[in-house]
Amino acid sequence: MRSEKLTLREARKLTLNNLLLSNSHSSESKNDLYRIIEKLGYVQIDTISVVERAHKHILWTRFPNYRNEMLDELIDKDKKVFEFWDHAASYMPMSHYRYTLPRKEMYRKKYKDWEKQNKKILNYAVDRITREGPLQSRDFEESKKRGLWWDWKPAKEALEFLFHTGRLSAKARRNFQKVYDLTERVIPASIDTSTPTDAEMSRHLITKAIDSHGFASEKEITYLRHHNSKSTRRLLNELLEESSIVPIEIEETGSGVNYTYPDNLSSLDTLKEPGSLHILSPFDNLVIQRKRLSRLFGFDYVIECYVPAHKRKYGYYCLPVLDGTKFIGRLDAKADRKSGVLNVIRFFPEESVKINNTIKRRLEKKLKELAVFSGCSSVNLKPD
C-alpha cells in the first residue's frame, strides 16, 4: 500500500491535537479530567517536585482547573483510574488494567527466586493488609520494635514485589507514598481481569499509540514492549489489508513509515491550529519519547537532573517551552514554596527563534500561571 504524505506542519498539528496541546481548554469537571487521562493513555508519576509533581503538571497543562482531589476521587472513590507501570510509574484508565497483567507475570518470573526466599515476609504483608485494611510501608516500621526479624526495608521490598506482581494494588497515595490494598478490593468487579492474548495486547498498543499521538511508527508502538514486536507487526499488516489503518510518511523527517487512522487524514483540515504557549513537564507525553520529539520538532531535549552538575548545559530541572507548533526554548526553574516565589534561574531560547515582545508577554503570563499552580504567588525572573 502506498504511503500518504504529510507535511511536517500537518504532522505536528495532528499530534498536538491528539495530545490535547492545540489550545487552552475550559475543562472544569472531574469527568473532564478522566477523559484527558483516557485520551493520553497514561500520565507519568515522578518523585521530583522542583516545580511540581510530573502527573500534576501534565494534567494542569491540559486542564488549568486541575485540583488534586479530583484525581484522588477518580482513583480511590470512583475507581476509574489506577496506578501501575506504563512508560514508567503512571496513572492509567481502569479499562487498561488487563493489559498490565503480562508485565506482572514477567516480573514474577524474573524474581521467582527472590519470591521463594521471602515467602514469610510476603505472607506477613498480605495477612496484615487482609486483616487491617489498606496500609503504607511506614505502617510496617513498628514491626522492628516488637522484636520481629524483619524491619522496614524488607517489608517495603515485599510490598513492592506484591504490587508489581499484582497481588496488591495502590488504593491511593498519601504524602506521595502508596497505600497498598488487596487487588480484589481495588479493581472493580466489572473490569475484565483476563490476561490478553498476544494479538489483543498488540491491538491495545497500536490503538493507544495512535489515539494519543495521532500516528506512530512500529518502533514507537512497541516502545518498551519489544516482546510484542512480532505480534504487533503481524497485526499491523492485517489492519493495513482491511484498511483500518493507513501508512503515512512525514516530509522532511526521514522517519520512514508511520501508521494512523483514515479518519485522522480526512479531518486534518478541520483540526485546530495550535496557538497556545505551554511550559511543559520534562515527563510530558509529548516530550518523553526523545527521538520522536527530535524528529518531529527538531528539539533535542535531555532532563539534566540525572546529569552530573558540571556537565549540565541548561540546569537541574529544565522545562521545555512550546509555542504553537514550535519549541521556542527551555527554562530552568525552581519553586520556593516557603517564600512563595517561582525562581526562573535562566531562560534558554532556541537558536532559530527570535524572542520578540509578544512572545515575552505570553511567556511571562504563563509563568505567573505556573507559579500559582506550583504553590507560589510571584515569579522571580533572573536576568541573564
Side-chain angles (χ1 to χ4, degrees), residues 8 12 15-16 19 21 44-58 60-61 87-89 213 219-220 223-224 252-255 274 276-337 339 341-371 373-374 376 378-384:
L8 187 55
R12 290 177 179 178
T15 207
L16 291 173
L19 285 170
L21 291 170
Q44 185 166 333
I45 306 167
D46 195 84
T47 58
I48 300 173
S49 59
V50 173
V51 173
E52 188 50 278
R53 302 282 187 195
H55 64 282
K56 297 179 185 178
H57 192 157
I58 293 164
W60 170 79
T61 297
H87 166 83
H213 289 277
K219 284 186 177 181
E220 290 163 354
Y223 181 63
L224 301 181
E252 305 175 49
T253 64
S255 61
S276 296
L277 188 145
H278 296 291
I279 301 173
L280 299 176
S281 163
F283 303 96
D284 195 275
N285 298 52
L286 176 64
V287 175
I288 207 66
Q289 288 200 37
R290 311 292 194 228
K291 291 182 179 179
R292 178 185 174 98
L293 181 69
S294 177
R295 188 169 64 247
L296 284 181
F297 294 90
F299 188 66
D300 296 315
Y301 176 75
V302 174
I303 180 171
E304 295 183 340
C305 56
Y306 306 118
V307 175
H310 68 280
K311 292 185 177 180
R312 289 177 194 145
K313 184 177 179 182
Y314 300 110
Y316 181 83
Y317 198 68
C318 192
L319 306 175
V321 181
L322 175 72
D323 187 15
T325 61
K326 293 181 180 179
F327 282 89
I328 61 170
R330 57 199 92 197
L331 56 89
D332 187 20
K334 183 175 183 178
D336 184 347
R337 278 172 272 274
S339 65
V341 177
L342 175 66
N343 289 302
V344 179
I345 300 161
R346 191 173 173 188
F347 174 65
F348 301 87
E350 291 293 279
E351 291 182 2
S352 61
V353 176
K354 182 179 180 181
I355 306 298
N356 57 34
N357 289 333
T358 299
I359 293 176
K360 284 182 181 178
R361 285 194 295 270
R362 297 175 75 226
L363 180 57
E364 288 169 2
K365 180 177 182 292
K366 183 58 69 172
L367 280 168
K368 290 177 182 177
E369 294 170 2
L370 180 62
F373 162 68
S374 60
C376 299
S378 64
V379 177
N380 177 23
L381 183 57
K382 297 182 180 180
D384 292 341

* **salt bridge (Lys or Arg N to Asp or Glu O under 4.0 Å) partners of Glu220, counting only residues at least two apart** => Arg292, Arg295
* Structure fact -> Partner of His213 under side chain to side chain contact (heavy atoms under 4.5 Å, CB included), picked from Leu296, Leu16, Leu19, is Leu19
* Asked: Which heavy atom in Ile303 sits nearest to a heavy atom in Val307, and how many Å separate them?
  -> O-CG2, 4.3 Å
* Asked: Considering only heavy atoms from C-beta outward, does the side chain of Lys326 approach that of Val353 to under 4.5 Å?
  -> no
* With the side chain counted from C-beta on, respond yes when Leu277 and Ile328 share a heavy-atom pair under 4.5 Å apart, and no when they do not. => yes
* Roughly how far, to the nearest 0.5 Å, is CG of Asp46 from NZ of Lys56? -> 13.0 Å
* Which atom pair, heavy atoms only, marks the closest approach of Tyr317 to Glu52? -> OH-O, 4.0 Å
* Leu21 and Leu280, any side-chain heavy atoms less than 4.5 Å apart -> yes
* To do: Taking all non-hydrogen atoms of both residues into account, name the closest pair between Leu342 and Ser374 and its distance.
  => CD1-OG, 4.3 Å
* Under a 4.5 Å cut-off applied to non-hydrogen side-chain atoms, are Leu286 and Leu322 in contact? -> yes
* **His87-Phe283 aromatic ring centre distance below 6.0 Å** => no
* Minimum heavy-atom distance Val344-Leu331, with the two atoms named -> CG1-CB, 4.3 Å
* Is there a side-chain contact between Cys376 and Val341, using heavy atoms and a 4.5 Å cut-off? -> no
* Are any non-hydrogen side-chain atoms of His57 and Phe373 less than 4.5 angstrom apart? -> yes
* Can you measure from CG (Asn380) to CD1 (Ile345) and round to the nearest 0.5 angstrom? => 9.5 Å
* **Short side-chain to backbone donor-acceptor contact, Thr15 and Arg12, under 3.5 Å** => no
* Sidechain-backbone polar pair: Glu304 side chain, Lys313 backbone, donor-acceptor under 3.5 Å -> yes
* **Interatomic distance, Arg312 atom CZ to Cys318 atom SG [nearest 0.5 angstrom]** => 11.5 Å
* Asked: Angle class for the Phe297/Phe327 ring planes (parallel below 30°, perpendicular above 60°, tilted otherwise)?
  -> perpendicular
* Under the side-chain contact (heavy atoms from CB on, under 4.5 Å) test, residues paired with Glu369 that sit two or more places apart -> Trp60, Lys365, Lys366
* **Arg290 side chain reached by Ile288 side chain, heavy atoms, under 4.5 Å** => yes
* Under 3.5 Å, side chain of Arg53 to main-chain N/O of Thr47, donor-acceptor pair present? -> yes
* What distance do Glu350 atom CD and Phe299 atom CZ have between them, rounded to the nearest 0.5 Å? -> 5.0 Å
* Identify the heavy atoms of Leu319 and Ala333 that sit nearest to each other, and give their distance. => CD1-CB, 4.3 Å
* Structure fact -> One should read off an interatomic distance between Ile45 CD1 and His55 NE2, to the nearest 0.5 angstrom, of 6.5 Å
* Asked: Can you find a pair of side-chain heavy atoms, one from Phe347 and one from Ile355, that are under 4.5 Å apart?
  -> yes
* Asked: Hey, what do you get for CG (Leu367) to CD (Glu364), rounding to the nearest 0.5 Å?
  -> 7.5 Å
* **Which atom of Tyr301 lies closest to which atom of Leu293, heavy atoms considered** => CB-CD2, 3.9 Å
